[in-house]
A.B. asks: 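Here it is, the structure, as structure tokens.
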Number of protein chains: 2
Amino acid sequence: MAQPGTVDRILDTAEVLFAQKGFAETSLRAITSKAGVNLAAVNYHFGSKEALIQAVFERFLTPFSAALAAKLDELEASGTPDTPETILGIVSRLALGTHPQDPQRAAIFFRLAGQAYSQPQGHLRQYLNQHYGAVFKRLQEHLQRAVPDVSPMELFWRVQFSLGSVIFTLSGLESLQAISKSDFKLELSAADITQRLLPFLVGGIQAPVPAQ
Amino acid sequence: MAQPGTVDRILDTAEVLFAQKGFAETSLRAITSKAGVNLAAVNYHFGSKEALIQAVFERFLTPFSAALAAKLDELEASGTPDTPETILGIVSRLALGTHPQDPQRAAIFFRLAGQAYSQPQGHLRQYLNQHYGAVFKRLQEHLQRAVPDVSPMELFWRVQFSLGSVIFTLSGLESLQAISKSDFKLELSAADITQRLLPFLVGGIQAPVPAQ
DNA sequence: ATACGTTTCAAACATACGTTTGGAGACAAG
DNA sequence: CTTGTCTCCAAACGTATGTTTGAAACGTAT
């Protein structure tokens with residue numbers, strides 16, 4: 001049988017390196033040498049570099065979206081009325097807590113997501129939408145019930161704005177933490193920042209729509 | 001003397017291609033062949049590919065930050081009280097209007113900025129901060145006066161959140177416009193989206209800070 | 001007209017990359 | 001023991017990249 005963990009070692013290493021340096025800037029040689037496996041292992045187990053990238057996302061997103069779907073089931077069963085706070089709170093607690101054994105994991109993932117979304121060709125963007133779009137739509141419907149005064153199209157854009165805030169902030173977390181620390185002599189964790197993000201997003205999502 | 005416009009033709013082409021496909025994914029051969037200049041021209045005129053990237057940013061940011069500084073002078077001289085709407089309005093009108101002859105130019109720049117910020121090593125991020133940090137600080141001070149109830153640190157983070165919304169949205173503009181068009185049968189321009197961004201950001205920036 | 005600095009150009013250089021290959025080794029089934 | 005399958009590995013392949021080179025072309029000033 002296979003040497004135990006070759007596939008996982010590749011995924012673990014690739015995840016970190018992709019987040020650190022980007023997809024194009026991370027070579028298979030860098031991944032395999034750091035993971036302690038042979039260069040050919042990536043093409044043998046995954047087929048290509050691009051398939052490896054997709055596998056990295058899949059490994060993170062599948063449990064996340066499953067957990068999110070479960071939480072939404074729970075919310076609907078309980079009959080709690082939708083508010084922006086509860087819905088966004090669910091997402092943020094989930095994003096930070098899907099891998100509680102490794103608090104850095106969430107930050108890595110958001111950096112990956114930032115990389116994926118800034119890929120202009122939109123290849124990954126399309127893949128993510130295709131595979132996880134359903135849960136995303138469901139989330140948006142709950143939000144719509146929470147802010148009925150905001151039109152669906154307006155809300156669509158506000159969700160995109162929110163996504164931007166989250167991904168951008170968490171994908172540049174280290175630089176921003178450094179600035180914040182030197183300017184305000186206060187070190188903030190990813191959880192701290194998420195806590196600050198929440199009221200910002202709530203304020204933005206339920207802001208009054210100008211008459212136009 | 002030089003064939004007129006070699007440098008500018010390179011900059012024009014590089015700007016578009018970098019925004020379309022990213023820095024690493026855009027080769028000097030792609031730039032020079034599309035620009036109709038010799039491959040060696042980049043290294044002759046700029047020194048290296050990285051220097052070309054910096055030059056592209058410089059050409060856009062220098063007039064923008066100068067215009068922003070002038071607008072802030074104007075604002076201070078007029079004695080108008082600071083509000084989030086006026087300050088963010090200045091920035092957004094400037095971003096869309098710095099190159100009025102080419103409305104697509106602003107979108108290109110934000111895609112570039114998105115690329116730069118998602119570069120994890122932060123090389124460009126540092127360069128941008130170093131060269132244009134002063135205007136940025138000044139902008140933040142005005143915002144602080146507009147929302148005195150938000151602590152400086154809280155505001156710092158909210159500005160970062162806002163930056164994320166702007167850059168993320170405008171850098172992925174085409175994909176988002178396509179989704180919006182197919183879902184809502186309505187085509188939106190960059191200016192339309194900026195108009196929707198503004199109340200979202202204002203709502204976020206002046207949202208109540210939780211007791212904590 | 002000549003000389004000179006600048007710019008352009010085709011070609012080559014060195015290197016790094018993703019991928020492929022052919023064989024060696026391990027293990028289970030017949 | 002033999003066969004077959006799966007995994008690992010060193011090496012090589014083909015290609016694309018950023019950069020450098022040396023000569024040709026150009027415009028200007030002497």
Side-chain angles (χ1 to χ4, degrees), chain A residues 1-59 112 115-116 118-124 127, chain B residues 1-59 112 115-116 118-124 127:
Chain A
M1 270 293 280
Q3 183 174 127
T6 297
V7 169
D8 286 323
R9 275 215 307 287
I10 292 175
L11 285 173
D12 288 338
T13 312
E15 183 178 275
V16 174
L17 290 185
F18 282 152
Q20 267 176 13
K21 328 212 310 183
F23 299 120
E25 294 80 0
T26 303
S27 68
L28 294 186
R29 284 170 174 82
I31 295 171
T32 52
S33 77
K34 185 163 186 183
V37 305
N38 188 272
L39 167 62
V42 169
N43 286 281
Y44 175 75
H45 286 287
F46 297 94
S48 69
K49 183 181 183 179
E50 188 153 317
L52 170 63
I53 296 176
Q54 284 199 0
V56 167
F57 274 92
E58 212 161 305
R59 192 171 63 141
L112 280 178
Q115 298 276 339
S118 69
Q119 287 251 23
Q121 191 223 7
H123 189 184
L124 258 177
Y127 170 84
Chain B
M1 269 294 282
Q3 182 173 129
T6 298
V7 168
D8 285 324
R9 273 215 307 287
I10 292 175
L11 285 172
D12 288 339
T13 312
E15 185 177 273
V16 173
L17 290 185
F18 283 151
Q20 266 175 12
K21 327 213 309 185
F23 300 120
E25 293 80 1
T26 303
S27 68
L28 293 187
R29 283 171 174 81
I31 295 171
T32 53
S33 78
K34 184 164 185 184
V37 305
N38 188 271
L39 167 62
V42 169
N43 286 280
Y44 176 77
H45 286 286
F46 297 94
S48 69
K49 182 181 184 180
E50 187 155 295
L52 169 63
I53 296 176
Q54 284 199 1
V56 167
F57 274 92
E58 212 162 306
R59 192 172 65 140
L112 280 178
Q115 299 276 339
S118 69
Q119 287 252 21
Q121 192 221 8
H123 188 184
L124 260 178
Y127 170 85

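Here is how names work: the chains are called A, B, and so on, in the same order as the sequence lines, proteins then strands, and each is numbered from 1. Reckoned from all heavy atoms, side chains included, excluding hydrogens, waters and symmetry mates.
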A.B. asks: Just how far, in rounded Å, is C1' of D:dT7 from CG of A:D8?
C.D. replies: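 Whole-Å distance recorded here is 15 Å.
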A.B. asks: Calculate the interatomic distance between B:R9 atom CZ and C:dC9 atom C1'; express it in whole Å.
C.D. replies: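 In whole Å, C:dC9 C1' lies 14 Å from B:R9 CZ.
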A.B. asks: Could you tell me the separation between the CG atom of B:L52 and the P atom of D:dT19, rounded to a whole number of Å?
C.D. replies: 10 Å
A.B. asks: Got a donor-acceptor contact below 3.5 angstrom from the A:T32 side chain to the A:N38 backbone?
C.D. replies: no
A.B. asks: Is any side-chain heavy atom of A:D8 closer than 4.5 Å to one of A:R59?
C.D. replies: yes
A.B. asks: Both distances under 3.5 Å, Watson-Crick or G-U wobble: report the partner of D:dA29, or none.
C.D. replies: C:dT2
A.B. asks: Give a yes or no on whether the backbone of A:L17 and the side-chain of A:K34 come within a donor-acceptor separation of less than 3.5 Å.
C.D. replies: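 Side chain of A:K34 to backbone of A:L17: no pair is present.
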A.B. asks: Looking at A:S48, does any N or O in its side chain come under 4.0 Å of the phosphate oxygens OP1/OP2 on C:dG18?
C.D. replies: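 Answer is no, no contact under 4.0 Å.
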A.B. asks: When you measure from the side-chain N and O atoms of B:N43 to the phosphate of D:dT19, is any distance below 4.0 Å, counting only OP1 and OP2?
C.D. replies: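 The answer is yes; a side-chain N or O of B:N43 sits under 4.0 Å from OP1 or OP2.
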A.B. asks: Between B:F46 (CZ) and C:dT7 (P), how many Å, whole number?
C.D. replies: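 Answer to the nearest Å: 12 Å.
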A.B. asks: Looking at A:V42, is its backbone amide N or carbonyl O close enough to the side chain of A:K49 to form a donor-acceptor pair, meaning the two atoms are under 3.5 Å apart?
C.D. replies: no
A.B. asks: Taking the nucleotide of DNA chain D with the closest heavy atom to each, which residue, A:R29 or A:A41, is nearer the 5' end?
C.D. replies: A:A41
A.B. asks: What integer distance in Å separates B:I31:CD1 from D:dA16:C1'?
C.D. replies: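 In whole Å, D:dA16 C1' and B:I31 CD1 are 15 Å from each other.
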A.B. asks: Verify the contact: side-chain N or O of B:N38 to OP1 or OP2 of C:dA10, cut-off strictly under 4.0 Å; return yes or no.
C.D. replies: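 Yes, because at least one side-chain N or O of B:N38 sits under 4.0 Å from OP1 or OP2 of C:dA10.
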A.B. asks: Does any nucleotide pair with C:dG30 by Watson-Crick or G-U wobble geometry, both distances under 3.5 Å, and what is it?
C.D. replies: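 Paired with D:dC1.
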A.B. asks: B:L28 has a side chain; which of C:dT6, C:dA10, D:dG18 sits nearest to it?
C.D. replies: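 Within the option list, the nearest is D:dG18.
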A.B. asks: Using a heavy-atom cut-off of 4.0 Å across all strands, would you classify B:T32 as base, sugar-phosphate, or nothing?
C.D. replies: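 No contact.
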A.B. asks: Rounded to the Å, how far apart are A:L39 CG and D:dC13 C1'?
C.D. replies: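 Value for this atom pair: 13 Å.
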A.B. asks: Ignoring backbone atoms, establish whether B:T6 has a side-chain N or O less than 4.0 Å from OP1 or OP2 of C:dT7.
C.D. replies: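 So the side-chain polar atoms of B:T6 never come under 4.0 Å of the phosphate oxygens OP1 or OP2 of C:dT7.
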A.B. asks: Indicate whether OP1 or OP2 belonging to D:dA16 is found under 4.0 Å from a side-chain N or O atom of B:S27.
C.D. replies: no
A.B. asks: Would you say the side chain of A:T13 lies within less than 4.5 Å of the side chain of A:F18, judging by non-hydrogen atoms?
C.D. replies: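 No, side chains not in contact.
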A.B. asks: Measure the distance from OH on B:Y44 to C1' on C:dT7 and round it to the nearest whole Å.
C.D. replies: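 So the two atoms are 5 Å apart, to the nearest Å.
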A.B. asks: Within the pair B:H45 and C:dT6, is there a side-chain N or O less than 4.0 Å away from OP1 or OP2?
C.D. replies: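 Answer no for this pair, as no side-chain N or O of B:H45 is under 4.0 Å from OP1 or OP2.
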